[in-house]
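Let me begin by presenting the structure, written as structure tokens, before commenting on it.
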Amino acid sequence: PNLSSTVAEVNFASYILNASGPRCTTEAELHNLGQSESAAIMTKSCTLLAREGNPEPRYKALPQGSIQSMGLPNLGYKAYLDMLPRLTQYNKPLIVSISGLSINDNVEMVSAFQKSAADLLEVNFSCPNVPGKPQLGYDFEQTDKALAAITKFGDKPLGIKLPAYFDFNHFETVANILKKYPVKFISSINSIGNTLVIDPETESPVIKPKAGFGGLCGSYIKPIGLANVNAFRQLLPKEISIFGVGGIYSGSDAFEYLLAGADAVQVATCYQEQGTECFSRISNELSQILSRKNYQDINDAKGALKLL
Ligand SMILES: CC(C)(C)CCc1c(C(=O)O)[nH]c(=O)[nH]c1=O
């Protein structure tokens with residue numbers, strides 16, 4: 001069956017690509033993604049200047065996923081701007097993730113990538129904003145202000161990486177703000193923020209930064225990701241594409257996101273744990289599921305969730 005998909009008017013040869021975050025910070029990692037079956041090359045969220053990130057241990061694999069508080073370690077946006085032309089050789093979409101520490105940082109970086117070889121820009125709205133205020137994606141006034149500022153440029157198609165929401169009023173509020181601006185896609189969801197995993201043997205958290213508080217990832221969060229994708233699919237016009245993210249390890253997980261309405265899916269924790277083999281495996285598993293169920297094309301199953 002055909003697994004190719006058009007997302008934000010860009011053609012993706014398959015439905016499975018890497019999510020921003022794991023194993024996509026260095027140029028070597030990005031070439032590795034280029035040589036893999038990932039349908040795109042997505043970079044680690046970048047900031048104005050290079051960052052070391054948080055002290056270790058800052059990532060902990062868990063039975064059903066992971067918890068991490070990396071602290072935005074990255075090479076700084078200029079390094080990604082510089083390496084992009086060397087990544088076009090893989091003939092797959094290049095997606096640059098941007099996570100400024102302020103709206104002004106985001107404006108400066110979105111502006112800098114307008115003339116670049118990036119095919120899509122994904123602006124991370126889980127980034128911190130004004131200290132003492134919620135993260136950008138949880139501060140609806142700031143979300144509106146940030147979108148107004150970063151969508152002024154208009155050359156490069158731009159999307160937003162959203163945190164998870166848990167309330168229909170929030171889905172509606174965010175969807176109504178997004179519809180005001182030329183946003184081409186959303187990526188939903190980011191890790192579930194500020195969770196705490198405790199090891200009863202050591203009587204300590206399992207990660208060091210932020211007194212152990214970190215983003216929860218993996219299978220634990222798939223039901224939350226499915227709900228966010230399905231809610232936004234119903235609230236947003238079809239012109240706004242949706243990347244589904246959260247707990248995708250298998251073709252079946254990807255198929256669930258397809259039924260929920262995702263145009264393509266991004267793999268993070270599974271890629272962190274299994275390496276680039278995960279992309280071909282998940283694609284093949286999805287292909288087998290579609291064949292078994294007699295779907296010739298992913299578009300026949302997209303959003304086809306059958307309510308009881
Ligand atoms: C959490 C922030 C550090 C503010 C942004 C970067 C980020 C991180 C990170 O770099 O710690 N981890 C995530 O799971 N999602 C993110 O968006």
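Every number for a ligand or one of its atoms is a count from 1 in the order of the listing.
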- Query: Of the choices M70, Q68, R58, which has the non-hydrogen atom that lies closest to atom 12 (N) of ligand 1?
  - Reply: Q68
- What part of L72, side chain, backbone, both or neither, has a heavy atom within less than 4.0 angstrom of ligand 1? both
- Query: Are K208 and E56 close enough, and set up right, to give a salt bridge (Lys or Arg N to Asp or Glu O under 4.0 Å), and what steps lead you there?
  - Reply: CA-CA 6 Å; K208 181 170 183 176; E56 296 185 342; over 6 Å; no
- Please state whether S45 comes within less than 4.0 angstrom of ligand 1, counting heavy atoms only. no
- Message: Under a 3.5 Å threshold, yes or no: a donor from one side chain and an acceptor from the other, between K210 and N194?
- Response: yes
- Note on the structure: Looking only at protein heavy atoms, what sits closest to atom 1 (C) of ligand 1 is S126 O, 4.5 Å
- shortest atom 4 (C) of ligand 1-to-protein heavy-atom contact is with P128 CD, 3.4 Å
- Nearest to atom 7 (C) of ligand 1, what protein heavy atom do you find, and at what distance? K44 NZ, 4.3 Å
- Query: Relative to atom 15 (N) of ligand 1, which among I67, N54, N190 owns the nearest non-hydrogen atom?
  - Reply: N190
- Message: Check for me whether G21 has a heavy atom closer than 4.0 Å to any atom of ligand 1.
- Response: no
- Are S250 and E285 close enough that a side-chain donor and a side-chain acceptor fall under 3.5 Å? no
- Task: Using salt bridge (charged side-chain N to carboxylate O under 4.0 Å, His left out) as the criterion, list what pairs up with K60, not counting sequence neighbours.
- Result: none
- Pairs touching residues 144-164 that satisfy side-chain hydrogen bond (donor to acceptor under 3.5 Å, both in side chains), sequence neighbours left out: K115-D155, D144-K180, D144-Y181
- Item | Numbering as shown, the atoms of ligand 1 that approach S191 to under 4.0 Å (heavy-atom distance) | 13 (C), 14 (O), 15 (N)
- Looking only at N/O atoms, are C127 and ligand 1 under 3.5 Å apart anywhere? no
- Charged N to carboxylate O under 4.0 angstrom, K238 versus D263? no
- If you count the atoms of ligand 1 from 1 in the order shown, which ones are under 4.0 Å from a heavy atom of N124? 5 (C), 6 (C), 16 (C), 17 (O)
- Looking at P1, S4, S14, S5, which one forms a side-chain contact (heavy atoms from CB on, under 4.5 Å) with I298? S5
- Item | Q266-E122 side chain donor-acceptor pair, cut-off 3.5 Å | yes
